[in-house]
Amino acid sequence: MKKHLVIVESPAKAKTIEKYLGNTYEVMSSFGHIRDLPKKNLSIDVKNNFEPTYQISAEKQKIVNGLKKSTKSAQDVWLASDEDREGEAIAWHLCEALGLDPKKTKRIVFHEITKPAISHAIENPRTIDINLVNAQQARRILDRLVGYELSPVLWKKVRPGLSAGRVQSVAVRLIVEREREINDFKAKDNYKVTANFVASNDEFVSELNAKFDTDENTRRFLKDCIGAKFTVSKIDKKPGTRSSGAPFTTSSLQQEAARRLGYSVKQTMTLAQRLYESGHITYMRTDSTLLSNQALAEAKSYITSKYGAKYHNQRQFKTKQSNAQEAHEAIRPTNFSNQNIAGDEGQNKLYKLIWNRTLASQMSNAELARTEVSIKISSRPELFISKGEIVIFDGFMKVYGRKGEDVILPELTLNQSLKPKQILGRQTFSKPSARYSEASLVRQLEELGIGRPSTYAPTISTIQTRGYVEKKDLEAKEREIKVLSLINEKIEESTEIDNYGADRAKLVPTPLANVTTDFLTKHFAPIVNYDFTAHAEKDLDLIAEGSEKWVDMISKFYSSFHKLVEKSETVSRKESTQTRELGVDPSTKKPVFARYGRYGPMLQRGEVTDEDKPTFASLPENTTLDNVTLEDALEMFKLPRDVGKTDEGELITSNIGRFGPYIKVGKTFVSIKTLDPLTITEKEANKLYKEKKKEIDNKYIKVFKGGIKVVNGPYGPYVTNGKRNVKVSDDKKAESITEKEAKELLLQAPIRKAPHRRKKAKARAKK
DNA sequence: CAGTGAGCGAGCTTCCGCTTGACTT
């Protein structure tokens with residue numbers, strides 16, 4: 001008997017759906033898009049109505065062949081890709097590739113993988129919505145035009161191999177601008193005053209409702225407090241509530257997993273993918289906070305039976321993002337009764353987070369009792385305020401959120417008089433905006449409507465691999481703060497060391513990002529504007545409604561965009577590399593420039609047109625192209641410098657290179673991480689050189705004929721012939737390996753494939 | 001993991017969004 005063929009996007013989904021549909025249906029998967037614009041060139045005929053040329057990519061050919069075969073033997077075909085722009089396009093591409101008539105082939109959609117949803121879908125087929133397909137084509141073509149016309153401009157004007165795009169260039173811009181904001185930030189200081197009172201043997205803290213701008217004013221306040229009377233002037237008790245957050249979307253899951261578990265967005269997505277494939281959670285790339293009716297009902301029964309009806313509060317959270325497509329449910333457990341799952345530690349932690357969050361979203365608000373006590377000072381108008389908070393009913397906090405650390409104030413009565421044990425006035429500084437983490441950048445992009453759940457993690461990777469952004473731990477800086485204290489009616493002043501600015505895994509822009517962003521914001525402002533995507537989305541909506549033609553939208557965009565591309569050709573290299581003349585070197589009478597070079601920021605002395613070639617030097621540490629001075633630069637031109645001689649009488653020189661400061665003896669380079677090449681002494685240099693020599697002597701455990709070596713590598717000993725590397729197994733002693741054994745090991749070595757080739761191609765490109 | 005930076009010109013690079021594995025180090 002011929003079966004009905006249903007095609008979905010995800011193979012994991014296919015398995016589940018097949019179970020629900022029974023054996024008269026065969027469910028197959030397209031593994032996402034099956035056709036796309038070829039990578040090697042633009043593949044858009046801009047002179048012929050932007051006609052795109054699509055191609056089935058090599059890795060999808062097999063899948064398409066399989067689908068074709070099943071199509072031929074099937075009774076009919078049902079296209080069940082996701083209900084969004086991309087899903088509609090996938091359905092249309094499937095028609096094109098499988099030879100189906102888009103006007104006749106059945107198209108079905110479901111937002112959730114539950115039996116009722118699937119039955120409902122099967123009963124209500126429609127045909128492909130070509131307007132929605134065209135909106136996707138417009139999106140695709142727009143992105144290709146921007147990416148493939150803008151990137152080559154950067155190759156010419158900034159550096160080969162760079163990339164620019166509607167999403168990534170804005171992501172980089174956000175990071176560049178945040179860093180500049182932080183650098184320009186001037187911290188303001190003021191004085192925060194706290195008092196420790198004692199009542200019925202309990203000590204509690206109170207904070208003054210005013211801050212002082214100077215230490216003098218703080219001192220005056222403390223002085224006024226000597227001999228003053230402190231009385232409770234107001235006790236305000238009121239109830240409060242706290243409510244749970246919405247179930248997870250991709251973006252909120254990435255943020256919470258980073259905050260609570262310390263995962264990178266990539267780690268989170270890999271773990272979630274495993275959980276999805278093993279059937280523990282629903283789809284992990286979603287922008288919706290909605291739960292299926294089935295999930296709502298299951299949560300209800302689980303919560304009522306486990307915690308009692310009082311804890312249940314059924315709720316559906318509206319998705320806030322305006323561009324959300326809501327093709328899927330929120331990320332939730334597929335079965336609430338699974339509190340734990342079989343899987344590694346990472347999967348378990350992430351699962352638990354999802355389980356807790358989903359359940360909490362269906363639980364009651366927490367109820368709190370809040371108390372605010374005001375304490376009057378007889379000699380001053382300000383008030384000391386103490387706040388207490390007690391959890392009366394924990395509600396959702398039973399499973400999610402901080403376990404409400406109660407702040408309990410002692411029993412106080414109106415007009416009660418209090419004695420301060422101590423009053424402190426502490427200098428505090430205002431803080432600049434925080435640097436972006438991976439997750440907070442995703443949140444910002446989502447807020448701007450830029451990027452999709454499936455691209456957040458790859459975008460974060462791209463901007464790092466292109467060298468625009470680095471993930472860094474930032475060390476704390478120290479500053480002195482003043483502390484004024486009033487104890488036993490005596491005022492004392494002291495200083496404390498305040499460690500500030502320490503931060504983990506934050507995104508920091510490189511000089512390349514600064515140069516590129518400045519270039520793009522100056523010459524391609526419309527593309528890197530924060531609302532470019534939002535405007536484009538409005539047009540895409542019009543196309544999807546059928547009230548605008550996609551070719552009109554693209555053609556309108558392209559005519560203005562392409563003009564910018566043409567105009568950018570006239571931008572001088574001097575401008576695009578941000579060349580700045582620092583002054584003239586008094587000894588050579590040549591001009592000194594700071595600019596962005598082939599390998600990063602650099603200094604140049606003399607012009608290219610000079611008879612003798614210009615000389616180059618690195619930027620001194622802790623300076624940038626914007627703030628480096630002529631004096632700084634002249635110091636750098638003292639390099640390379642003769643440091644002295646080794647014990648064997650060889651010359652030692654010092655310099656700064658691509659990988660930082662180094663000393664050089666013959667052909668041996670030694671990094672000097674903390675020392676300054678301008679001041680390093682002969683003695684220091686010799687010590688480092690000897691250590692390096694020892695390391696080199698230890699590197700080769702054995703050297704055989706024909707270039708075969710046993711090498712002490714960073715991951716343990718390995719055998720190499722220069723082409724292939726084989727790890728020496730742990731049970732073997734590297735020192736005892738014979739030439740014969742080494743040869744045998746090399747024969748077993750795997751041939752390095754694609755990633756290796758790619759690396760080589762990159763290396764070639766650099767040259 | 002190697003110590004540059006001009007300019008010449010070969011041939012290369014590049015986008016965003018859907019999906020999974022197969023790569024290593």
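In what follows, chains are A, B, ... by sequence order, proteins preceding strands, each numbered from 1. Everything numeric in this text was worked out from a predicted model, so none of it was measured.
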If only side-chain N and O atoms of [X] are considered, is one of them under 4.0 Å from the OP1 or OP2 phosphate oxygen of [N]?
X        : N      : value
A:Arg166 : B:dG17 : yes
A:Ser163 : B:dC15 : yes
A:Arg452 : B:dC18 : yes
A:Ser10  : B:dT20 : yes
A:Gln273 : B:dT20 : yes

Does [N] have [X] stacked on its base, where the ring centres are within less than 5.5 Å and the planes differ by under 30°?
X        : N      : answer
A:Trp155 : B:dT13 : yes
A:Phe669 : B:dG3  : yes
A:Tyr148 : B:dT14 : yes

With A:Glu537 as partner, the option from A:Arg85, A:Arg166, A:Arg139, A:Arg452 fulfilling salt bridge (charged side-chain N to carboxylate O under 4.0 Å, His left out) is A:Arg85
Using the six-membered ring wherever Trp is involved, compare the ring planes of A:Phe557 and A:Phe532 and label them parallel, tilted or perpendicular (cut-offs 30° and 60°).
tilted
So A:Phe519 and A:Phe524, would you call those rings parallel, tilted or perpendicular, with 30° and 60° as cut-offs?
tilted
When the distance from [atom1] of [X] to [atom2] of [N] is rounded to whole Å, what number comes out?
X        : N      : atom1 : atom2 : answer
A:Tyr456 : B:dC16 : OH    : P     : 14 Å
A:Asp287 : B:dC18 : CG    : C1'   : 14 Å
A:Met284 : B:dT20 : CE    : P     : 5 Å
A:Tyr662 : B:dC1  : OH    : P     : 18 Å
A:Asp82  : B:dT20 : CG    : C1'   : 15 Å
A:Lys62  : B:dT19 : NZ    : P     : 22 Å
A:Ile460 : B:dG17 : CD1   : P     : 13 Å
A:Gln136 : B:dT19 : CD    : P     : 13 Å

Any donor-acceptor pair under 3.5 Å linking the side chain of A:Glu438 with the backbone of A:Val265?
yes
Considering heavy-atom distances to DNA chain B, does A:Asn655 or A:Gln168 have its closest nucleotide positioned more toward the 5' end?
A:Asn655
Of A:Pro453 and A:Ser671, whose closest DNA chain B nucleotide lies nearer the 5' terminus?
A:Ser671
[X] has a side chain; which of [options] sits nearest to it?
X        : options               : value
A:Glu86  : B:dC18, B:dG3, B:dC15 : B:dC18
A:Thr455 : B:dG5, B:dG17, B:dC18 : B:dG17
A:Asp84  : B:dT20, B:dA6, B:dC18 : B:dC18
A:Arg466 : B:dG5, B:dT14, B:dT20 : B:dT14
A:Arg285 : B:dA6, B:dG3, B:dT20  : B:dT20
A:Lys39  : B:dT20, B:dG5, B:dC15 : B:dC15

Go through the side-chain N and O atoms of A:Ser251 and A:Glu446 and say whether any donor and acceptor fall under 3.5 Å apart.
yes
Verify whether one side chain among A:Tyr558 and A:Glu149 offers a donor that lies under 3.5 Å from an acceptor in the other.
yes
Rounded to whole angstrom, note down the C1' distance from B:dG9 over to B:dT13.
16 Å
